[in-house]
Structure formats: structure tokens, C-alpha cells
Amino acid sequence: MADPIDPEITAHVEAVARAARLASRRLGLLTRADKDQALLAMADALVAASAEIIAANDVEVARGRAEGLAGGLIDRLGLCRPRGG
């Protein structure tokens, strides 16, 4: 049987989801130009943090392998996909 989910993690995820909902409502009120600027800023932030994001993903993939996660799930967990497949 799977381990129960930590209530602190559940509370954190719920808080993040509430914040995302509020942000989406606020973004919906922006002009097209402001929305485009926000998207470009998010894209720039993702590019700037890409090495850190990929390193964290590598840790999660390794953890999945160590815990015996099915190969198909590990494939979907990984951010880096083989090209052409």
C-alpha cells in the first residue's frame, strides 16, 4: 500500500493552486500587450533557470528509479526526451 500523503504537502499544493487561480483572474483583466509581456518574462525566467530545473528533474528521475518506478512512468517524468521519438 502506498504511503499516505503528508498533510503539509497537501496544504502547500492547495495554497499554490489558490494562488494560481487568483493570478489567472488578475491576468484575465490585463491588456493583450501586458499579457504578452508577462508571458515573455515567464519564458525568460524559465530559460534562465533551465539548468537548475533540469538538475532537479534529474534528481527526481533518479529517485523514481531507486524506488522502482515503472519505466514508462520514469520516461514521462523526465523533462529531456529523445529527439525524433
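Positions are given from 1, in the same order as the sequence printed here.
With values rounded to the nearest 0.5 angstrom, L69 atom CG is found 9.0 Å from R76 atom CZ.
Looking at residues two or more places apart in sequence or on another chain, you find a salt bridge (charged side-chain N to carboxylate O under 4.0 Å, His left out) between R32 and D36.
The closest side-chain heavy-atom distance from R26 to L30 is not below 4.5 Å.
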Q. Are R18 and L22 close enough, and set up right, to give a side-chain contact (heavy atoms from CB on, under 4.5 Å), and what steps lead you there?
A. CA-CA 6 Å; R18 279 192 297 278; L22 178 60; over 6 Å; no

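Crowding of E60 atom CD: a count of heavy atoms from other residues, nucleotides or ligands under 6.0 Å exceeding 12.
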Would you tabulate the side-chain donor-acceptor contacts of residues 41-59 under 3.5 Å, counting partners in other chains and residues two or more places apart, or write 'none'?
{"from": "S50", "atom 1": "OG", "to": "V47", "atom 2": "O", "distance (Å)": "3.0"}
{"from": "N57", "atom 1": "OD1", "to": "L79", "atom 2": "N", "distance (Å)": "2.8"}
{"from": "N57", "atom 1": "ND2", "to": "L77", "atom 2": "O", "distance (Å)": "3.0"}

